[in-house]
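These numbers come from the heavy atoms of this one structure, side chains and all, not from hydrogens, waters or symmetry mates.
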Amino acid sequence: MRSRSIITKIAALAVIFILMMSIAGVALAAGTQSTVHYLLDGGTLAGDDSQDIAVENIKTAAPFTQSGTITFTLPGSGSVTKHGFALSGWLIGDEVYPAGTTVTITVYRIWALQWTDWNDVLALAVWLPASSSYKYSLSFSSAVPGATLPADIVRADSAPGIPDAADVSAPENYLFSGWGVESIDWGSPVWYETAIAPDYRSATLYYEYSATLVAQFLPIQSRAVYTLHYDILDESDDPASEGPSDSPIIPSASVFCPDDCYFSGWSLREPGWEKVDEKNETIEGVVVVTSYYEATAEGFFSDIPVETRALYNLRYVGYYADGALFWPDDVVDSGTQPALAGTPYREGYVFSGWKPGTLDWSKAVVQVSSETIGEGSQAYILLTTRYTITVEGSFSPEGELPVGAPQTGGESLAGFAAALALLGAAAAACAAFRRRTTGR
């Protein structure tokens with residue numbers, strides 16, 4: 001009897017010890033996580049439909065029972081889909097939690113010779129009948145910096161088309177070649193918002209299609225072809241036309257003139273040089289734009305001789321020229337081609353150089369004037385061609401290096417057309433004088 005009493009006491013002490021450990025929250029062979037299961041009711045979840053969450057705040061809830069909490073974020077509407085429905089929330093226990101929110105749920109476990117696993121949490125998707133609304137966002141970028149592109153387009157329920165070429169302004173020396181696609185690839189729509197009706201009986205799902213068009217450009221290389229036709233306003237064989245050429249042509253065809261007459265010289269017939277055609281062709285990825293120009297030079301014979309002379313003008317302009325020493329004077333009506341002057345000086349500054357840094361008189365501005373000199377048999381027409389170049393000088397703060405730039409042309413075409421018009425006027429004066437002196 002005594003030994004049986006001792007065994008009973010030992011068993012009682014063991015039970016008390018286990019209870020004390022339970023009260024103290026000591027876990028024997030216990031798990032540390034609870035599993036959340038998402039019940040989708042026919043929907044689709046982007047990712048796993050369950051997740052293990054660490055249990056925190058463990059404490060004794062009752063004899064042989066422990067409680068703890070798990071904190072997690074419920075999947076949002078963008079990651080859970082069901083055709084024709086919108087996710088309005090998740091039912092956990094007897095409470096509905098909004099989708100996408102972070103929740104804290106209490107979990108339990110009990111002692112049965114050892115601690116059981118924490119109970120699982122079931123989250124049931126709550127669906128509402130839903131309609132869908134779509135918008136289309138079209139943005140633009142450029143493969144070449146400096147282009148002007150259309151403003152981004154956002155349109156509801158209908159997809160915009162590819163913009164016209166007129167909506168694009170190409171950078172200098174480039175030609176817009178298109179968007180590189182024949183149609184817009186909108187891809188798959190992306191959910192961005194769910195709107196639940198105030199009565200919680202329906203919802204609207206909002207989706208966005210987005211695409212970006214990249215403007216494509218080809219470099220441009222420009223060239224010009226000039227063809228000059230000749231026409232004699234008196235009896236004689238016409239000189240052959242000149243051309244093509246890559247620069248404006250100065251009328252210079254030779255003309256046979258009898259011993260008793262003089263040729264008036266060539267002048268451009270109005271309206272002068274005209275653009276008659278333009279052709280584009282792509283050569284090794286470069287758009288070559290060729291512009292074609294034509295003009296007609298006319299002349300006639302006269303009893304009055306024509307003498308010519310060339311005069312050269314060099315004008316100096318510049319910034320900070322006031323107060324500068326050794327600033328050059330303009331060269332006016334020089335019979336020879338002048339050279340650039342030396343370097344002027346201004347205290348506290350460095351002369352940056354002349355622009356253009358070299359003189360190319362073939363690209364000068366041309367003016368032609370004429371006058372009849374003398375009377376009777378001593379009369380002649382003096383044809384004066386003036387060439388003018390303007391150079392610009394500037395000063396920079398002391399310490400910067402001087403800079404020169406080569407001359408670039410194209411300025412002479414309009415001036416030369418005007419010059420030849422003056423030549424035509426001279427020829428007309430010549431004809432009038434001829435009629436006065438010959439009585440014809």
Side-chain angles (χ1 to χ4, degrees), residues 33-57 59 61 67-109 118-141 149-163 183-213:
Q33 294 179 325
S34 175
T35 302
V36 179
H37 299 275
Y38 297 105
L39 308 180
L40 304 174
D41 190 21
T44 301
L45 173 63
D48 295 333
D49 58 4
S50 63
Q51 62 181 133
D52 295 327
I53 310 296
V55 179
E56 301 175 330
N57 304 317
K59 60 184 179 180
S67 67
T69 60
I70 56 172
T71 301
F72 58 99
T73 300
L74 292 165
S77 298
S79 59
V80 186
T81 58
K82 183 179 180 180
H83 182 69
F85 292 87
L87 180 67
S88 66
W90 295 93
L91 177 63
I92 302 176
D94 57 359
E95 186 172 351
V96 176
Y97 296 89
T101 58
T102 299
V103 297
T104 299
I105 303 297
T106 301
V107 292
Y108 298 92
R109 66 179 178 181
W118 296 97
N119 68 278
D120 291 348
V121 174
L122 303 180
L124 175 64
V126 179
W127 300 101
L128 291 177
S131 60
S132 298
S133 178
Y134 299 89
K135 73 175 181 180
Y136 296 81
S137 298
L138 184 60
S139 59
F140 306 94
S141 64
L149 303 175
D152 291 350
I153 300 173
V154 178
R155 185 176 297 173
D157 297 327
S158 64
I162 297 177
S183 61
I184 301 175
D185 181 9
W186 291 103
S188 299
V190 177
W191 170 90
Y192 68 93
E193 184 180 0
T194 297
I196 298 176
D199 60 4
Y200 287 91
R201 294 184 178 181
S202 63
T204 301
L205 297 172
Y206 291 94
Y207 295 91
E208 180 180 20
Y209 287 97
S210 60
T212 300
L213 293 180

Query raised in the report: Should Pro163 and Leu213 count as side-chain neighbours, where that means a heavy-atom distance under 4.5 Å?
Result: yes
Query raised in the report: Taking Lys82 for the side chain and Asp41 for the main chain, is one N or O donor matched with an acceptor at less than 3.5 Å?
Result: yes
Requested in this report: Look at the side chain of Trp127 and the backbone N and O of Gly84, then say whether any donor-acceptor pair between them is shorter than 3.5 Å.
Outcome: no
Requested in this report: Determine whether Val154 and Ser137 make a side-chain contact, defined as any pair of heavy atoms from C-beta on separated by less than 4.5 Å.
Outcome: yes
Query - Sub-4.5 Å side-chain heavy-atom contact between Ser88 and Tyr200 - result: no
Report summary line: When every non-hydrogen atom of Ile53 is compared with those of Thr71, the smallest separation belongs to CG2-O, 3.6 Å
**Report entry** Trp191 side-chain N/O to Glu193 backbone N/O, donor-acceptor pair under 3.5 Å
**Finding:** yes
Query raised in the report: Roughly how far, to the nearest 0.5 Å, is OH of Tyr192 from OG of Ser77?
Result: 13.5 Å
Query - Straight-line distance of Leu205 CG to Ser133 OG, nearest 0.5 Å - result: 9.5 Å
Report task. Give a yes or no on this: more than 12 heavy atoms of other residues, nucleotides or ligands lie within 6.0 Å of atom CG of Asp94. Result -> no
Report task. Write down the atom of Thr35, the atom of His37, and the distance for their closest heavy-atom approach. Result -> CG2-NE2, 3.4 Å
Query raised in the report: Is Val190 close to Ser210 at the side-chain level, that is, under 4.5 Å between some pair of heavy atoms?
Result: no
Query raised in the report: How about Leu74 and Val103: do any of their side-chain heavy atoms sit closer than 4.5 Å?
Result: yes
Query raised in the report: Do you know which two heavy atoms are closest between Leu45 and Asp49, and how far apart they sit?
Result: CD2-CA, 3.7 Å
Query raised in the report: Between atom OH of Tyr206 and atom OG of Ser132, what is the distance when rounded to the nearest 0.5 Å?
Result: 10.5 Å
**Report entry** Nearest-0.5 Å distance, OG of residue Ser67 to CG of residue Asn57
**Finding:** 8.5 Å
Query raised in the report: With distance as the sole test, does Trp90 use its side chain to make a donor-acceptor pair with the main-chain N or O of Tyr38 at under 3.5 Å?
Result: no
Query - Considering all heavy atoms, the nearest Ser141-Leu149 contact - result: C-CD1, 3.4 Å
Query - Sub-4.5 Å side-chain heavy-atom contact between Leu128 and Ser202 - result: no
Query raised in the report: Are a donor atom and an acceptor atom from the side chains of Thr212 and Ser139 found within less than 3.5 Å of each other?
Result: yes
Report task. For residues Trp186 and Leu138, determine if any side-chain heavy atom of one lies less than 4.5 Å from a side-chain heavy atom of the other. Result -> yes
Query raised in the report: Do Ile105 and Tyr97 have side-chain heavy atoms sitting under 4.5 Å apart?
Result: yes
**Report entry** Side-chain donor or acceptor of Asp185 paired with backbone N/O of Gly187 under 3.5 Å
**Finding:** yes
**Report entry** Closest non-hydrogen atom pair between Ala99 and Leu87, with its separation
**Finding:** CB-CD2, 3.7 Å
**Report entry** Smallest separation among heavy atoms of Ser34 and Val55, with atom names
**Finding:** N-CG2, 3.7 Å
